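These numbers come from a predicted model, not from an experiment. Below, read A as the first sequence line, B as the second, and so on, with proteins coming before strands; counting in each chain starts at 1.
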There are 2 protein chains.
Amino acid sequence: MLTPERHKLILQLLKEKGVVKIQDLVDLTETSESTIRRDLTQLEEGKYLKRIHGGAARLKGKLQEPSMSEKSSKNLQQKRQIAHYAANLVEEGDSIYLDAGSTVTEMIPFLPAKEIVVVTNGLMHIQALLERNIKTFLIGGFAKEQTKAIIGRGALASLENYRFDKCFMGVNGIHPQFGFTTPDQDEAMIKQMAISLSREAFVLADDTKFSEIAFAKIAELHTAAIITNELNEDQRESYSSKTTIKVVTA
Amino acid sequence: MLTPERHKLILQLLKEKGVVKIQDLVDLTETSESTIRRDLTQLEEGKYLKRIHGGAARLKGKLQEPSMSEKSSKNLQQKRQIAHYAANLVEEGDSIYLDAGSTVTEMIPFLPAKEIVVVTNGLMHIQALLERNIKTFLIGGFAKEQTKAIIGRGALASLENYRFDKCFMGVNGIHPQFGFTTPDQDEAMIKQMAISLSREAFVLADDTKFSEIAFAKIAELHTAAIITNELNEDQRESYSSKTTIKVVTA
DNA sequence: GCAAAAATCAATCATTTTCACTCAAAATAA
DNA sequence: TTATTTTGAGTGAAAATGATTGATTTTTGC
């Protein structure tokens with residue numbers, strides 16, 4: 001059983017039962033106690049759970065992206081630079097789509113306030129958008145706890161009612177051959193449709209996303225421009241012929 | 001059974017019953033008396049309870065829990081009572097609609113967790129619902145900053161896709177002649193449609209809402225049952241012939 | 001009221017469980 | 001192949017547990 005599988009299982013169990021015992025996890029995953037301990041340590045560092053004697057307990061946080069707190073501040077700086085650049089692409093009068101995701105959230109403080117209309121499926125975005133008095137529409141559909149995103153069939157149908165000047169999203173993988181990918185099929189479909197409904201599409205991604213492939217395909221590279229923080233020479237060669245890339249430097 | 005589990009259980013029991021006997025805890029947790037004693041000692045040190053001969057008692061001061069400290073006002077107490085009663089009306093397997101509003105939010109901790117489906121237009125509800133792992137669908141549409149509600153044409157269209165066993169909402173005015181009313185026309189339309197899509201409809205209202213009239217009409221009195229905290233004799237006469245009223249007392 | 005009986009208590013100790021840490025083997029990547 | 005990562009077993013330390021003891025409190029019977 002692979003590490004991400006175990007992590008997923010642990011979090012799933014934790015969500016259901018509130019607490020899990022280490023011994024149960026050992027039996028369930030058929031791995032050693034050491035491995036489970038390491039898993040728990042990692043997940044605790046990422047603020048996904050709280051370790052307790054004999055196991056782990058769910059922590060009741062607020063509506064916050066766990067991965068936000070998990071990432072280092074350097075990473076957050078990069079994200080913010082990328083987000084800032086992306087936000088400046090938005091012009092007065094635009095209607096834009098903001099996909100769920102922590103990098104996209106960082107765009108909101110930099111958006112031009114007046115005369116823009118935002119459509120989003122990101123529950124995390126809502127508060128920041130309303131605080132800035134930006135005209136905001138939320139997609140309807142199933143609320144996914146993990147990523148705080150609205151997804152599912154209803155979400156697709158809901159999204160179809162809009163058209164956008166620009167759309168912005170994060171992805172998990174960017175690959176010359178396989179294009180943009182993300183782990184969740186449902187989220188991939190939403191992103192896919194958002195791109196097709198937009199005049200221009202932008203993918204916000206730090207350098208770790210390049211050459212990665214996740215499970216579900218969103219679209220080919222040429223369908224969206226990439227905004228990133230760094231790109232080595234090899235990568236530039238592989239990608240620049242297939243799509244537009246803007247590298248934002250500090 | 002892990003230590004935090006026991007602690008949680010003890011506090012839970014204490015909150016419900018006021019006092020617990022050590023022997024009961026021993027039987028319940030299937031641990032030794034020593035362990036329970038240690039638990040009680042620790043919890044007393046943390047000011048979560050008071051030890052008494054033979055067991056433990058809830059302490060009546062404040063700050064035994066964050067939720068305690070936040071619910072200071074008498075008004076909130078009333079709301080919570082009303083909400084608690086309403087939540088108990090929900091049965092396993094129900095699909096319900098929860099309208100935006102603070103009283104309705106208070107229902108969420110009391111809802112049966114499993115096998116229910118919730119549809120809502122209340123952004124404030126989302127966090128609490130997801131924390132409880134309740135299957136949640138959000139209506140799509142315009143996000144209104146003031147009331148943190150999804151409203152507008154899109155919301156109505158989005159809502160039409162669902163059918164409910166029960167729906168719950170707050171209102172601003174209840175009047176024998178003018179029925180249920182609220183200040184915002186758009187919100188009124190949502191509530192109206194929610195009622196028409198439900199087998200049963202419930203209005204949660206404290207006593208200050210009676211004989212009030214707000215701008216926009218939602219529906220006639222007979223379309224929804226009222227759950228309230230108090231009702232004087234005159235009011236009972238005026239309303240009880242027109243609709244079902246449940247008075248929840250302390 | 002008073003003393004014996006019963007119940008509850010705090011304190012201690014031996015045992016068991018869980019812990020963090022290390023190291024070497026295995027799996028994976030370069 | 002050589003590096004790097006992941007894994008599983010072993011170690012002594014730390015924590016949690018259950019039984020026991022004798023002291024203290026409450027209840028009972030008169």
*Asks:* Output the rounded distance in Å from CG (A:Asp39) to P (C:dA20).
*Replies:* 13 Å

*Asks:* Rounded to the nearest angstrom, tell me the gap between atom CZ in A:Arg6 and atom C1' in D:dT5.
*Replies:* 12 Å

*Asks:* End-to-end bend of the helix from C:dG1-D:dC30 to C:dA30-D:dT1 (five-pair axes, 10° rounding)?
*Replies:* 40°

*Asks:* Please identify which of these residues, B:Leu138, B:Leu98, B:Thr136, B:Ile139, meets the side-chain contact (heavy atoms from CB on, under 4.5 Å) condition with B:Val119.
*Replies:* B:Ile139

*Asks:* CZ of B:Arg38 versus P of C:dC9: gap in Å, rounded?
*Replies:* 14 Å

*Asks:* Is there a donor in the side chain of B:Lys79 and an acceptor in the side chain of B:Ser102, or the other way round, less than 3.5 Å apart?
*Replies:* yes

*Asks:* Does B:Arg51 make a side-chain N or O approach to OP1 or OP2 of C:dA10 shorter than 4.0 Å?
*Replies:* yes

*Asks:* Looking at B:Glu92, I want to see if its CD is surrounded by more than 12 non-hydrogen atoms of other residues, nucleotides or ligands under 6.0 Å.
*Replies:* yes

*Asks:* Looking at B:Glu44 and B:Lys47, is any side-chain nitrogen of the basic one under 4.0 Å from a carboxylate oxygen of the acidic one?
*Replies:* no

*Asks:* Just the rounded figure in Å: distance from P of D:dA16 to CG of B:Leu43.
*Replies:* 13 Å

*Asks:* When the ring planes of A:Tyr97 and A:Phe164 are compared, do they come out parallel, tilted or perpendicular, using 30° and 60° as the limits?
*Replies:* tilted

*Asks:* Please list, in numerical order, the residues of residues 16-35 of chain B that have a heavy atom closer than 4.0 Å to any atom of DNA chain C.
*Replies:* B:Ile22

*Asks:* Can you tell me how the ring of B:Tyr162 sits relative to the ring of B:Phe137, calling it parallel under 30°, perpendicular over 60° and tilted otherwise?
*Replies:* tilted

*Asks:* Consider only side-chain N and O atoms of B:His125 and B:Thr120, and report whether a donor and an acceptor are under 3.5 Å apart.
*Replies:* yes

*Asks:* With a 4.0 Å cut-off on heavy atoms, is B:Ile52 in touch with a base, just the backbone sugar-phosphate, or nothing at all?
*Replies:* sugar-phosphate

*Asks:* When you look at CZ of A:Phe215, are more than 12 heavy atoms from neighbouring residues, nucleotides or ligands closer to it than 6.0 Å?
*Replies:* no

*Asks:* Each nucleotide N or O in nucleotides 22-29 of chain D that has a protein N or O under 3.5 Å away: list the pair and distance.
*Replies:*
none

*Asks:* Write down the distance between CD1 (A:Ile36) and C1' (C:dC19), rounded to a whole number of angstrom.
*Replies:* 15 Å

*Asks:* Under the criterion side chain to side chain contact (heavy atoms under 4.5 Å, CB included), I'd like the reasoning laid out for A:Glu33 against A:Ile36: C-alpha separation, chi angles, the key distance, then a yes or no.
*Replies:* CA-CA 5 Å; A:Glu33 198 183 300; A:Ile36 295 297; 5.7 Å; no

*Asks:* Would you call A:Lys144 and A:Asp184 a salt bridge, taking side-chain N to carboxylate O under 4.0 Å as the test?
*Replies:* yes

*Asks:* Using only heavy-atom distances, determine whether the side chains of A:Arg163 and A:Ser95 contain a donor-acceptor pair under 3.5 Å.
*Replies:* no

*Asks:* Between P on D:dT17 and CE on B:Met1, what's the gap in Å once rounded to a whole number?
*Replies:* 11 Å

*Asks:* Compare the minimum distances between each of C:dC9, C:dT18, D:dA16 and the side chain of A:Arg37, then state the nucleotide with the smallest one.
*Replies:* C:dT18

